[in-house]
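Hydrogens, waters and symmetry mates play no part in the numbers below; they use all other heavy atoms, side chains included. Letters A, B, ... are given to chains in the order of the sequence lines, protein chains preceding strands, and every chain is numbered from 1.
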Amino acid sequence: MAEILRLDGITKRFGPVLANDDISFALNEGEVLALLGENGAGKTTLMNILFGHYMADAGTVTVAGTPLPPGQPGAALEAGVGMVHQHFTLAGNLSVLDNVMLGTRPLFSLRAGRRAARARLAELSGRFGLAVDPDARVADLSVGERQRVEILKALYRDARVLILDEPTAVLTPQEVEALFATIRKAVAQGLAVVFISHKLGEVMAVADRVVILRRGAKVAEMRSAETDRHRLAEAMVGAEITPPDVPPAVPGEVLFRLDRVSTAGTPGLRAASLALRAGTITGIAGVSGNGQRALADLLSGLEVPVEGRAELMGAGLGIWSPRRAVGAGIARIPEDRHATGAIADFDLTGNAMLEDYHRPPMSRRGWLDRRAARRRAEEIIARYDVRCPGPATPIRLLSGGNMQKLILGRVLEAGPRIILAAQPTRGLDIGAVTYVHRQLLAARARGAAVLLISEDLDELRALSDVIHAIHDGELSPAFARGEITVKELGLWMAGQGGRDAA
Amino acid sequence: QGAPIKVAAVYTVPVEQQWVGRIHIAAEAAQARGDIDYSFSENVSNADYTRVLREYAEGGAQLIIGEAFAVEQEAREVAAEYPEIGFLMGSSFPPDEALENFAVFDNYIQDASFLTGIIAAAMSQTGNIGMVGGFPIPEVNRLMNAFMAGARAYNPDTEFQVAFIGSWFDPPKAKETAFAMIENGSDMLYAERFGVHDAAKERGVLAIGNVIDTQADYPETVVASALWHFEPTLDAAIAAAKAQEFKAADYGVYSFMEHGGCSLAPLGTFEGKLPAEAAAMVQDYMEKILAGTYTVEIDNSEPSA
Amino acid sequence: MELFDILVSATFWAAVLRIASPLIFATMGELICERAGVLNLGIEGIMVAGAFAGWIAVYAGLPLWGGVAVAFGAGVAFGLLHGLLTVPLGLSQHVAGIGITMLATAATYFAYRVALPEVSSPPKITAFQPTGWAVLGSQTVLTWAALATVAVTGWVLWRTPLGLALRAAGENPAAVEAQGLPVHALRMGAVAVGSGLMAVGGSFLTLSAFNSFFFEMVNGRGWVCIALVVFGAWRPGRALLGALLFAGFDAFQIRLQQTSLGAGLPYQLFLAMPYLLSVLALVVMSRRTEVPAALMTPYNKGER
Amino acid sequence: MRLEAIEAPGLARRLGLPAAALAATVLVAAGLAAIAGGNPLDVLGQIVQGAAGSKFARLETLNRATPLIFTGLAVAVAFRARLWNIGAEAQLYLGAVATVVIGTQSGLPGPLVIPAMAAAAVVAGGLMLLGPTLLKTRLGVDEVVTTLLLNFVVLLLVGYLLEGPMKDPMGMGWPKSPSLPAEARLPRMAEGLRLHWGFGLALICAAGVWLLQARTTLGFEMRAVGANARAARFAGMPVNAVLVKTALISGGLAALAGFSEVAGMKGNLTADISPGYGYTGIVVAMLALLNPLGVVVSALFVAGIFVGADSMSRQAGVPSYIADILLASALLFMVAALKLSRFRIVRG
Ligand SMILES: Nc1ncnc2c1ncn2[C@@H]1O[C@H](COP(=O)(O)OP(=O)(O)OP(=O)(O)O)[C@@H](O)[C@H]1O
Ligand SMILES: Nc1ncnc2c1ncn2[C@@H]1O[C@H](COP(=O)(O)OP(=O)(O)OP(=O)(O)O)[C@@H](O)[C@H]1O
Ligand SMILES: [Mg+2]
Ligand SMILES: [Mg+2]
């Protein structure tokens, strides 16, 4: 197969950070190359340089033998480089078709050419198995559908190299399978794919070759057929990573109970029943958009039951709010750490006291105790191994894993009895994932009740003592560890579990 | 004669504004004659007004002209601080014996306004006169009231439409307001603001000017105007200042017709088109006013239709 | 004339169109800027500059359309300045806008004084004359041009690739960049052209509504246009409706003052009516789903 | 081209760029003076002289900075919480109205009347911003537009009050309020100084706002709501209540500008006590990067440039509009310089 892409000596600094350090590799037509590395290793930066989004300080990008002018996404697109960004680049208020057509015709032409565009989009959807409604507003789409739009955007422009930056981080297992099918179709038609993921299983499943970055430098390159997950992990982190042991649970009393609870909104909960016991981890499996948000919001204090009864430590919820939830000892790890879990422009100190700034020791009679706050932040940084320059660093400068560690520290410090963990490991590298898992297990050992909402079935099955599936706001019955197969769980997640079982 | 004295003026609006414009013209004329050395600041907000007064006072001005209306109290405080300097201020208040260097003036041109009222009523077919003003302040109100009195003296049944546009400089708005009045039956407009003449011209109705003579621009439209001449006021003040005799006095009378402070603009293009009866009435009142046997009432209250 | 008679008279509707015309131009200008993601509070000053530039150009001998073009050019110049400050430099759009309004206004007055030091009453030009077409015949051709601007704005924004790119730049500039389009150039262009339209709106006052230039004659119309864009939910058609509604209130209050109903009330109440009713209309509509998502957010590649 | 944050900008950059901004302003001044027939070489001296060259000049600058500190603080507080208050002008006027009403009508004994006036002003201004804020939190109505439009309404309302119910019966018909009695006037800060206690109050307010924002839980909430309302709500903060409190504080601060102008400077109310202090406050606040102590500095800067340039226009005999041009250019140059002192322009 012919070489389609070559990176030569790419180097890039952001101020003091050396994000890419003299990286070189090549890619052939019809090949899938996986790019691996911890959070902050420089994967996204490298791809942004390849795509012309950033300009490298040194090095060249060559596509099909022709060097790309640096810093021009237009030229990269023209040369056949398509990129699906880690954070999607879609205009939410515009339609799918508009997003796909954007920039594909000369700006000053008088016609939009919507009809031809629509036809071409339909053709591509069919060919690659990427079904979307061209007239849907992007903001109304699920994450998986949005990703399909992103891929279609690249294919629409005749991409020969397709870059997928952590495409599976937000996908359900089914969606991941569909994506892999698409990738296989694409390589079969001669495309080359760069695939970035933290999930080694996926990498082994889809990639032909693997390039591993550590602290900005390329540390290894191997054929996936000639390696295994342990060797990849070791090359990535520099040490072996062992998943935590899961000792048997010691279930205690019920700390939180839902009895046929429904909430407003779509999809809200529908007559959901659930019991969180001390000393157990309760997992919720489901395709995103099936009411997980409502369940998490209910436990967080953002939602209230409109029907049914919710009980906290045996009593009703009362006037329910986030502050009540915090006060009742519920630790909440939100799904979206950037938008909900942290205030990007605040420093670590501010973020560490976000939930209890209003009471001693953080403040007295309305006056903040800045020394206490700083001490708290320093403690969390030390105890939860948050890698950062110090408590006065704006949290936006932290990697996702370190941000998540600070949030963990914030909510776990007080020794909460109930823990909500919504997608706690999304986007984290393998080291950070292991860390989060250890923390949740430690809390369980302390006697906390943990509600784990995740789209990662491996994670769920490894950690959960009890699993529910959620579909369209309805919870399945509780299944104890080992009581249900992946296949059965899948049926429950699709809403067909009850029927089959009956 | 002697050397020119240093005169400074502080205006709250640009010199295009008619009221201020008349002062400015008079001052420039005095400067051209060599009587004064004139400098001015325009569009000074009232928040900055006393600072600018002080600056001129510090800078060696011998006579300062301005508008104290909205800053009466503060302006008097400034004058008290500089007893050597003459302050000639537009003001609705009388002079204060205790403040010897603070004299007042205003545009007391009700005499001429009254006469234009007679002419307006005589030239209106419908007996419906539209009046567009900026703000209902005394300087505007007294002219409007005198005008209305004049019109009623000729035709007691004259109807008026009165509107204020809340701005000194929005000719398009003044024009629209005038259009509405024309549509509502006015065939004669009293133009306190720029823009009114234009509406009259466009719709072929007549108009009366105010403070300045605008007939040259609107020969078919402007029948007559009540003119303000600031020269008598200024010349009296300059003479007093030169003689070191400037003192607290009311210069308002220098705007009266008998002092030449106001006049009826020549009928010009409308010469001979006035009904004889009206012409005679104008002549009659003018003589009485000049002779002091008739006094046009000074009414500062907001006019209403 | 009582209430109903006012509303059914053709002269009333003619007045509405006349009053609305400068607002329409400037509102379309602001709408274009905001659609591309840039709030332009320079509008009031840019209208002043346009009013002056158009008029002085005609006074200096250019034909009327030449005056309109000069006004447009003046607007573009100030727009480029606003764009430079807010787009590549990413300065606060509030501050830059207020600064531009101060600068454009003061520079205009200064230029006026320097150009015409000895005039006490500004000279007049021969302005656009009513065309006498159609029922609402007292309109000048510039009013029809204002209406055409609405259609063209709508067409460009929704039916051409350029319009799509501009709207996307106001929704998510990263998406525009990712499709190989220059975000900064698009935004700069939108601000420049939008400001040009604002200036043409200002020049309507001196070339059509009136025939000479006065200080302060723009008199807050620019601020009203900011409100009209929001009122119109960032859509040209609805913004046009808003402009007509506002002008309607204005024309109505002028007439209402002379009715038996209006006679006893303070004139300030009438002057406040268009503003109060605009606020009321906003409250009644109170939907803001359509706000361009990236409005007031500068785009800086690679920022996190 | 893009901007890249500089983690620790050097002193040369932090001082050099603002200095360059000032130099650029002086160049503009010289150029304009030359165009208008003045002497470009004298301009700098005349501006400095006019703004700070004498005790008189310095006091005038402080006087003019006083209302700007209040409106600047009002805007800084609101913007920090992402409450886009463009209505400081209206709040200022309502504060002035309340000041006059209490000062002339309350009949309170001497020492109580000034605090009562200030309190009334704060309440009036706070309530003025409360309306748009509730419309925002309850109905999602854009507060930029409502606060902006209400400026016009309030100005007309004040016009009506001054021509109607609040008109000074002794005012010879001029639309102004009755004068405050002597005990209702703010005293001078020192004997013989033309500087009243409004300036002192402004400084106290700046310190107070700084304390509020940096040291109190409410300030923490206000900053959090402004930086990320969703995260603030999730963390348990009462977001709407915080916005309402912010509105009351912001409106109250703007109203104090009206209080200070009436009780300290003018002694009565006219419809034109503010030449746009409410709008200039936005610029003052942003120039200070919303820092309350910075607001004092930037208000002094803005006032100094204006007073100095205005004075220069008289010395040089050029049209006084040059003052506003210079103020606007100084502002634009300065905000750009402040930005570039924290960011560098890089390729790609
Ligand atoms: N725009 C930027 N400005 C400053 N530093 C940056 C910028 N983008 C990335 N960095 C830094 O460069 C390094 C590499 O970041 P990059 O996003 O490429 O990592 P990554 O491998 O994609 O990580 P992840 O797995 O979390 O996506 C990190 O230290 C990051 O903090
Ligand atoms: N952005 C949009 N939002 C909503 N509707 C739109 C948008 N753009 C176009 N439409 C609608 O979609 C319809 C279909 O567009 P059509 O394919 O005819 O576009 P076109 O620009 O005429 O393309 P062509 O060049 O193929 O003729 C149009 O009639 C129009 O009403
Ligand atoms: Mg990445
Ligand atoms: Mg078609």
Flag, side chain of A:Arg157 to backbone of C:Gln179, donor-acceptor distance under 3.5 Å: yes

Winner by heavy-atom pair count (cut-off under 4.5 Å) against chain C, out of A:Ala154, A:Gly92, A:Ser109: A:Ser109

Interchain contact, C:Val176 with chain A, by part (heavy-atom threshold 4.5 Å): both

Portion of A:Val84 that has a non-hydrogen atom of chain C nearer than 4.5 angstrom: neither

Atom of C:Pro161, atom of A:Ala112 and distance for their closest heavy-atom approach: CD-CA, 4.2 Å

Exercise: identify the closest heavy-atom pair between C:Glu171 and A:Ala91: CB-CB, 3.7 Å

Greater than 12 external heavy atoms within 6.0 Å of A:Glu78's CD: no

Residue among A:Thr45, A:Thr104, A:Leu90 with most heavy-atom pairs under 4.5 Å to chain C: A:Leu90

Heavy-atom contact with chain C under 4.5 Å, split by part of A:Met83: neither

Contacting moiety of C:Leu186, where chain A heavy atoms sit under 4.5 Å: side chain

Flag side-chain contact, heavy atom, 4.5 Å: A:Asn93 against C:Asn172: no

Test log, rule side-chain contact (heavy atoms from CB on, under 4.5 Å), inputs A:Asp98 and C:Arg167: CA-CA 10 Å; A:Asp98 280 344; C:Arg167 285 184 294 128; 4.1 Å; yes

A:His85 portion near chain C, given a 4.5 angstrom heavy-atom threshold: side chain

Residues A:Leu110, C:Trp155; criterion side-chain contact (heavy atoms from CB on, under 4.5 Å); working and verdict: CA-CA 10 Å; A:Leu110 294 181; C:Trp155 176 77; 3.6 Å; yes

Evaluation steps, side-chain contact (heavy atoms from CB on, under 4.5 Å), between A:Leu107 and C:Leu181: CA-CA 9 Å; A:Leu107 278 183; C:Leu181 294 171; 4.2 Å; yes

Residues A:Met101, C:Leu164; criterion side-chain contact (heavy atoms from CB on, under 4.5 Å); working and verdict: CA-CA 9 Å; A:Met101 287 172 63; C:Leu164 176 58; 4.2 Å; yes

Chain C contact via A:Leu102 - which portion, at a heavy-atom distance below 4.5 Å: both

